[in-house]
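Read the structure below first, then the notes.
Letters A, B, ... mirror the listed sequences (proteins, then strands); counts begin at 1. Heavy-atom basis, side chains included; hydrogens, waters and symmetry copies ignored.
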Amino acid sequence: MDDTAQPRVPDKPALEGLETKWQHRWDEDGTFKFDRSKSRQQIFSIDTPPPTVSGSLHIGHVFSYTHTDVIARFQRMRGREVFYPMGWDDNGLPTERRVQNYYGVRCDPSLPYDPGFEPPAQPPKQPLSISRPNFIELCERLTKEDEKAFEHLWRYLGLSVDWSMTYATIDRRSQRVSQIGFLHLLKKGLAYQLEAPTLWDIDFRTAVAQAELEDREREGAYHRLRFDRSNGVAVEIETTRPELLPACVALVAHPDDVRYQPLFGTDVLTPLFRSRVPVLAHALADPDKGSGIAMICTFGDITDVTWWRELSLPVRAVIQPNGTLRPVTWGEPGWASEEPASAQSLYDQIAGQSIAKARTRIVELLREQGAMIGEPRPIVHNVKFFEKGDRPLEIITSRQWFIKTVDQRAALIERGRQLQWYPEYMRVRYENWVNGLSGDWCISRQRFFGVPFPLWYPVNGAGLVDYSRPIVPDEGRLPIDPSTDVPDGYREEQRNRPNGFSGDPDVMDTWATSSLTSQIVSGWCRDDDLFARVFPMDLRPQAHDIIRTWLFSSVLRAHLEHNSLPWHHAAISGFVTDPDRKKMSKSKGNVVTPFALLEEHGSDGVRYWAAKGGPGVDTMFDAGQMKVGRRLAIKVLNASKFILGKSDPLGPITAPVDRAMLHNLAVIVEQTTQALDAYEYGRAIDLVEREFWGFCDDYLEFVKGRRYGDQGSAGSASANAALIAALGVYLRLLAPYLPFATEEVWSWWKSGSIHRASWPTRQELTVGIEVGDSDLTTWSYARELLAEARKRRSEAKQPLKVPIINAVISDVPERLQMLDAIDADLRAAVRIDVLTRNPRPGELSIEVEFGAAPA
RNA sequence: GGGCGGUUAGCUCAGCGGUAGAGCACCGGCUUUACACGCCGGCUGUCACAGGUUCGAUCCCUGUACCGCCCACCA
């Protein structure tokens, strides 16, 4: 470092342009380039959340990514080599939807690839059908554009990412890791396929996982229906899904319910379709709900699935994957009816219709037949939705791939306890989720833009696909797309032919890939040397809304694959809320474009606001705080200009006030370091900011006169040296928060980046400075006197140019002794001609006598 | 229904056993040669409510209310 050169201080320092200037300089200088020669102990590795590129950029991103960057810059300055890659999540449904709308296309997997395809300039009114490979090409093309916009924003915000280490969740590397990970689970028996009832979105026409569900309140109605018994007495049940009546396979009541105990083991006839179904007992039936007896349909909700499984009931499925009622022939096996002809004529009136239409019609029919008692009773209840979906989920039986999770429950809870959470209480959400897992993780999706299952299946002589014997590729071939790649020993002509093969048509849940981001960035199965240096990683930063998805699935995958945690620490950010305390999101129309904010308040100003929102805390969007941050950054520039503007003479730090100020700063350094070590970035900036502002308003004012030479060369030399030492420390304490302003000042004065400078320590401030216990008291006494004297001047409304000709300081003798050390500085700072000491017991007080105003 | 977090100055929040704090806002003053994107000073609080522990509670315990969030098998 070249600290002795004369600082080059601009006349009018300003924040404008610093973002552009320094992001380019950092890029050219490779300031944040990861040095992979460092050992595991020297490295701090971060598993950055890859933002969904097809989503819009919003202030919530800026908020949480700033938190991570503050930690990254802090660790880097502490001497850790920070491994800080950036990913783009371009895999999955959001991208598919965006591509469909942007280009006006839709994917038809039956079409062949067209190598020369170009999308129309304007999206056509009627969506254009294109092949899956063509669709994926468009996905990739559009996400490239989105990624550029994101990177631009991140660089402008000042994220200290190594931009040579980016990845996308759909790129070949991620696909390969994702497919290897899947094949490992398959080999260990931890992944399996099953033909089973699965949560299904009828609009997207895909299976979804438990983690992607959300409850929404919907209006519904209880319909009271009469089921006939052979003895002529009717049983009344209540249902909100009358359209599922044809799918009814049993009635169920609680085993202890005396009202229905006589019915257990008997049969009843369903209304309209006259299907004979048993009355059964099961503990899940709630005597207080409805009439206390329920109809079991295949399938109306998850409880139906439980009953169906535990009571060994048959399947009578009526809902098709597209959400319409399938055609049924009553009287055929599985569709028994006492009166098949009338059942058929009634059912034909709802077959092929949507769920909503079928419901309306079936209620009319029930009325006509007198099978409905009274009017439907409106209720509001929670209904399960796919989080991205518009209509309630159905349960459809289909072949899907699963990863075993439920039998890992205890081990996953234990992993959660090994993980260090910030804040601690976020662990509870994880445990709630793990304890509430109701089934294994369904990872197959009937979609197009995603990582395909790296599998084919043999097709037998009759042309039927044999799913029980998947054909697995060599790991060396991965990634593959079974819809275009051909398994070893087969030819393309055998695709979907008898005695040939058939590719798995599905893609994986995006979380099946995202759960491996720490493996993807760490070079798992690609770069063993790198992997050993960065994995398990140090930090997973993320927001709390995806604990059940991203965090959970990542812990699961690392546990199953490596028998370890994926990282040691999880730092959880809150949300950004609008003034009504609602989460800001695009759908609510309350999003603020982040780039305009960065330009208006400066990246440092916006970062300041973000950093004040501590770990886990939802934080209100507050432009006022951004302005405060901007002022802090400007203050840094101006105070630095003042301090560095005159560094001569420079000498030993002898003045008690100077030494006390530095000693006090050493305490702040310790406290700030502790806070940042505990990921308390909000508390840390509070500490530094408050002290820095006091340093400017009190200390600078206090020593200004002495520094200009009022008390001779030695006093000036001491002040200059103390000012410069303190400034160097403050800049470094602020550097993680205000990377642009601090770097700018550092460059006036030192060589190299402040972001590679070493974090300040207590020792650096106290070595060579003789500090007695009394010194801290000296500085606080000086501040007390300064405040008191200023108050007198303010009360008298006297401008500073009017001198105080005499100030009488009354205090206990022990404290008055300290005046000797600060007398001259104090008199200069408040313009006091004479200080008179008045020893006496009691509180400090000052009486002043003003002189005449100068002409 | 279960759980987690919160309730402190007009607003946003910090404090978490010992005389209530910061910033913003507001009011008054200051052209003081680093900064008017500034400086100085001032005003503002039954620390949600009710009990308990303690010499002492905003802070610990137990309830209650309200706000936000997470989870839940929602006939």
N/O contacts under 3.5 Å, protein versus nucleotides 38-41 of chain B?
| residue | atom | partner | partner atom | Å |
| --- | --- | --- | --- | --- |
| rG38(B) | OP1 | R631(A) | NE | 3.1 |
| rG38(B) | O3' | K635(A) | NZ | 3.0 |
| rC39(B) | OP1 | K635(A) | NZ | 2.7 |
| rC39(B) | OP1 | W693(A) | NE1 | 3.0 |
| rC39(B) | OP1 | D697(A) | OD1 | 3.3 |
| rC40(B) | OP1 | D697(A) | OD2 | 3.4 |
| rG41(B) | O4' | S794(A) | OG | 3.3 |

- For Y608(A), which contact category applies under a 4.0 Å heavy-atom criterion: base, sugar-phosphate, or nothing? nothing
- In which ranges does RNA chain B form stems of 3 or more consecutive Watson-Crick or G-U pairs, distances under 3.5 Å? B:1-7 with B:65-71, B:10-13 with B:21-24, B:26-30 with B:38-42, B:48-52 with B:60-64
- Apply ring pair (Phe, Tyr, Trp, His ring centres under 6.0 Å) to F299(A) and list each qualifying residue two or more places apart in sequence or on a separate chain. W308(A)
- The complete set of salt bridge (charged side-chain N to carboxylate O under 4.0 Å, His left out) pairs with one or both residues in residues 420-435 of chain A, sequence neighbours excluded, reads R417(A)-E431(A), E424(A)-R427(A)
- Task: Ignoring hydrogens and angles, state whether a donor on the side chain of R224(A) or S291(A) is under 3.5 Å from an acceptor on the partner side chain.
- Result: no
- Query: With respect to the side chain of V428(A), which nucleotide from rG3(B), rA75(B), rG21(B) is positioned closest?
  - Reply: rG3(B)
- Return the orientation label for the W421(A) and Y430(A) ring planes: parallel under 30°, perpendicular over 60°, tilted otherwise. tilted
- Query: Do H601(A) and Y608(A) make the cut of ring centroids closer than 6.0 angstrom?
  - Reply: no
- Task: Measure the acute angle between the ring planes of F695(A) and Y730(A), then classify it against the limits of 30° and 60° as parallel, tilted or perpendicular.
- Result: tilted
- Task: Check every strand shown and say whether R683(A) touches a base, only sugar-phosphate, or nothing at a heavy-atom separation below 4.0 Å.
- Result: sugar-phosphate
Please write out the pairs of protein N or O atoms and N or O atoms of nucleotides 70-72 of chain B separated by less than 3.5 Å, giving the distance to one decimal.
| residue | atom | partner | partner atom | Å |
| --- | --- | --- | --- | --- |
| rC71(B) | OP1 | R548(A) | NE | 2.9 |
| rC71(B) | OP1 | R548(A) | NH1 | 2.7 |
| rA72(B) | OP1 | Q210(A) | NE2 | 3.0 |
| rA72(B) | N6 | N382(A) | ND2 | 3.4 |

- Query: With W609(A), which residues qualify under ring pair (Phe, Tyr, Trp, His ring centres under 6.0 Å), at least two apart?
  - Reply: F63(A)
- Message: When you compare the side chains of E744(A) and W748(A), does any donor N or O come within less than 3.5 Å of an acceptor on the partner?
- Response: yes
